[in-house]
Amino acid sequence: MSVWKKLITAVKGGVNEAAEAVADSQALRILDQEIREAKEELRRSDYSLTQIMAKRKLAEQKVNSLKSSVAEYEAHAIAANEKGDQQLALDCAQKVADLRAQMETEQQYVDQFNQSEQTLRNNISQAKNNLRRMEQQLDMVKATESVQKAQTAVSSRHMGANSKMKTAAESLTRIQERQKERQAQLEAASELAADESGDELDKRLKAAGISGSNITANDELARILGK
């Protein structure tokens, strides 16, 4: 029962690892997509910033124009007063008051645009920095993942190669042993054939009366004395 439990646990562990690997792979794809979307939003933010800057510049130009008009009508009021035309001087003064009111309103717009521009600049800058760090981390994760996959593949091939080399070495040893055994068998067969061939020859010599067993003592004595 414990073996089955261990087996089930191992299977569950393998399934969990596979599921986590798929989830991690999907997470990287999702992060890639989110980074692309964030870049697009930042491009829109940059465009919005340019619009605010353009409106701020237009408001500043209008404020400067109103300042010029205020200065102009103030000069007219002074000139009219010097000429004794009090009504004309009052009318110019009223014009100055109206222009100053417009200028204050436009200056408020300028201040609001400046504040919005600065806030948006800071936010965009922070977002770009965060996005840059995220891209660097993602690149590092991808690079590490690629390196580890390569190392795993190399390690697997190395282990497989070692296993194959071990199997090949064992096969070579078996072949060499079989060859040695076959060679011994051939040598034994050759010796046996030689022995059988010698016996046959002796039989033929004996049958022909040439065998050493037919030599008499007198013949042997004569040979010895002949030396």
Side-chain angles (χ1 to χ4, degrees), residues 13 15-153:
V15 172
N16 289 336
E17 289 179 359
E20 288 177 357
V22 172
D24 291 342
S25 176
Q26 292 296 327
L28 291 178
R29 292 194 185 95
I30 291 172
L31 189 55
D32 268 332
Q33 180 62 30
E34 289 179 346
I35 287 176
R36 286 193 293 271
E37 292 176 356
K39 286 182 177 180
E40 183 62 30
E41 290 298 330
L42 284 174
R43 280 192 288 270
R44 294 194 185 98
S45 298
D46 284 335
Y47 178 71
S48 298
L49 177 60
T50 58
Q51 287 184 316
I52 291 175
M53 292 172 62
K55 291 178 180 179
R56 186 256 305 164
K57 288 181 178 181
L58 289 175
E60 287 176 343
Q61 290 174 2
K62 194 166 186 179
V63 168
N64 291 331
S65 176
L66 289 170
K67 283 182 180 180
S68 297
S69 296
V70 166
E72 179 184 356
Y73 281 98
E74 284 179 346
H76 292 332
I78 293 172
N81 186 63
E82 289 177 350
K83 289 182 178 181
D85 193 340
Q86 190 68 23
Q87 185 59 46
L88 183 58
L90 289 173
D91 290 341
C92 288
Q94 182 60 48
K95 181 66 174 180
V96 168
D98 293 340
L99 290 173
R100 288 178 63 85
Q102 293 181 28
M103 187 176 66
E104 289 176 359
T105 300
E106 290 298 326
Q107 186 60 49
Q108 289 178 358
Y109 291 152
V110 170
D111 293 340
Q112 291 175 358
F113 284 133
N114 276 326
Q115 183 178 359
S116 298
E117 180 182 340
Q118 188 60 42
T119 300
L120 189 55
R121 280 182 183 275
N122 292 336
N123 292 339
I124 291 175
S125 178
Q126 183 177 359
K128 286 182 177 180
N129 289 335
N130 293 337
L131 183 60
R132 190 176 299 110
R133 284 194 295 269
M134 182 64 69
E135 285 181 311
Q136 291 174 348
Q137 292 175 1
L138 180 59
D139 290 340
M140 184 63 69
V141 168
K142 288 181 177 179
T144 302
E145 185 74 9
S146 298
V147 170
Q148 289 180 349
K149 284 182 179 180
Q151 289 176 333
T152 301

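The first residue in the sequence is number 1, and the count goes up from there. Predicted model only: the values in this text are computed from it and were never measured.
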Measure the [atom1]-[atom2] distance between [X] and [Y] for me, rounded to the nearest 0.5 Å.
X    : Y    : atom1 : atom2 : answer
S125 : L42  : OG    : CG    : 10.5 Å
N123 : R121 : CG    : CZ    : 12.5 Å
M134 : N129 : CE    : CG    : 13.0 Å
K55  : Y109 : NZ    : OH    : 11.5 Å
E74  : E72  : CD    : CD    : 11.0 Å
D139 : T144 : CG    : OG1   : 10.5 Å

Who passes salt bridge (charged side-chain N to carboxylate O under 4.0 Å, His left out) against [X], sequence neighbours left out?
X    : value
R43  : E40
E34  : none
K142 : D32

Exercise for the section: State whether K128 and D46 are salt-bridged, where the test is any N-O pair (Lys NZ or Arg NE/NH1/NH2 against Asp/Glu carboxylate O) under 4.0 Å. Expected result: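 D46 and K128: salt-bridged.
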Checklist entry - Can E135 and R132 be counted as an ion pair, charged N to O under 4.0 angstrom? => result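 Result for this pair is no, no salt bridge flagged.
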Residue pairs meeting salt bridge (Lys or Arg N to Asp or Glu O under 4.0 Å), one or both in residues 89-98, sequence neighbours left out, come to none
- Message: Please tell me whether E37 and Q33 have a donor and an acceptor in their side chains that are separated by less than 3.5 angstrom.
- Response: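 On atom types as modelled, these side chains qualify, holding a pair under 3.5 Å.
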Is there a donor in the side chain of E60 and an acceptor in the side chain of N64, or the other way round, less than 3.5 Å apart?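 Absent: no donor and acceptor within the cut-off.
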- Item | Residue pairs involving residues 50-86 (criterion ring pair (Phe, Tyr, Trp, His ring centres under 6.0 Å); sequence neighbours excluded) |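 As it turns out, the ring pair (Phe, Tyr, Trp, His ring centres under 6.0 Å) pairs with a partner in residues 50-86, which skip direct neighbours, are Y73-H76.
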Would you mind telling me which of N122, L49, T50 makes a side-chain contact (heavy atoms from CB on, under 4.5 Å) with E117?
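So, applying the side-chain contact (heavy atoms from CB on, under 4.5 Å) to E117 and each of N122, L49, T50, only L49 qualifies.
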Sequence neighbours excluded, the answer for side-chain contact (heavy atoms from CB on, under 4.5 Å) partners of A89 is A80, N81
Between [X] and [Y], what is the shortest heavy-atom contact and its length?
X    : Y    : answer
V63  : E106 : CG2-CB, 3.5 Å
Q102 : L66  : C-CD1, 3.6 Å
A38  : L131 : CB-CD1, 4.1 Å

Full working for side-chain contact (heavy atoms from CB on, under 4.5 Å) between K39 and I35 | CA-CA 6 Å; K39 286 182 177 180; I35 287 176; 4.1 Å; yes
Please step through side-chain contact (heavy atoms from CB on, under 4.5 Å) for the pair Q107 and D111, ending with a clear verdict. CA-CA 6 Å; Q107 186 60 49; D111 293 340; 3.1 Å; yes
ask   = Does S48 use its side chain to pair, donor to acceptor, with the backbone of R44 at less than 3.5 Å?
value = yes
| query | Has Q115 got more than 12 heavy atoms of other residues, nucleotides or ligands less than 6.0 Å from its CD? | reply |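 Open.
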For this session: For atom CD of Q126, decide whether the heavy atoms of other residues, nucleotides or ligands shown that lie under 6.0 angstrom number more than 12.
Result: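 No, not enclosed.
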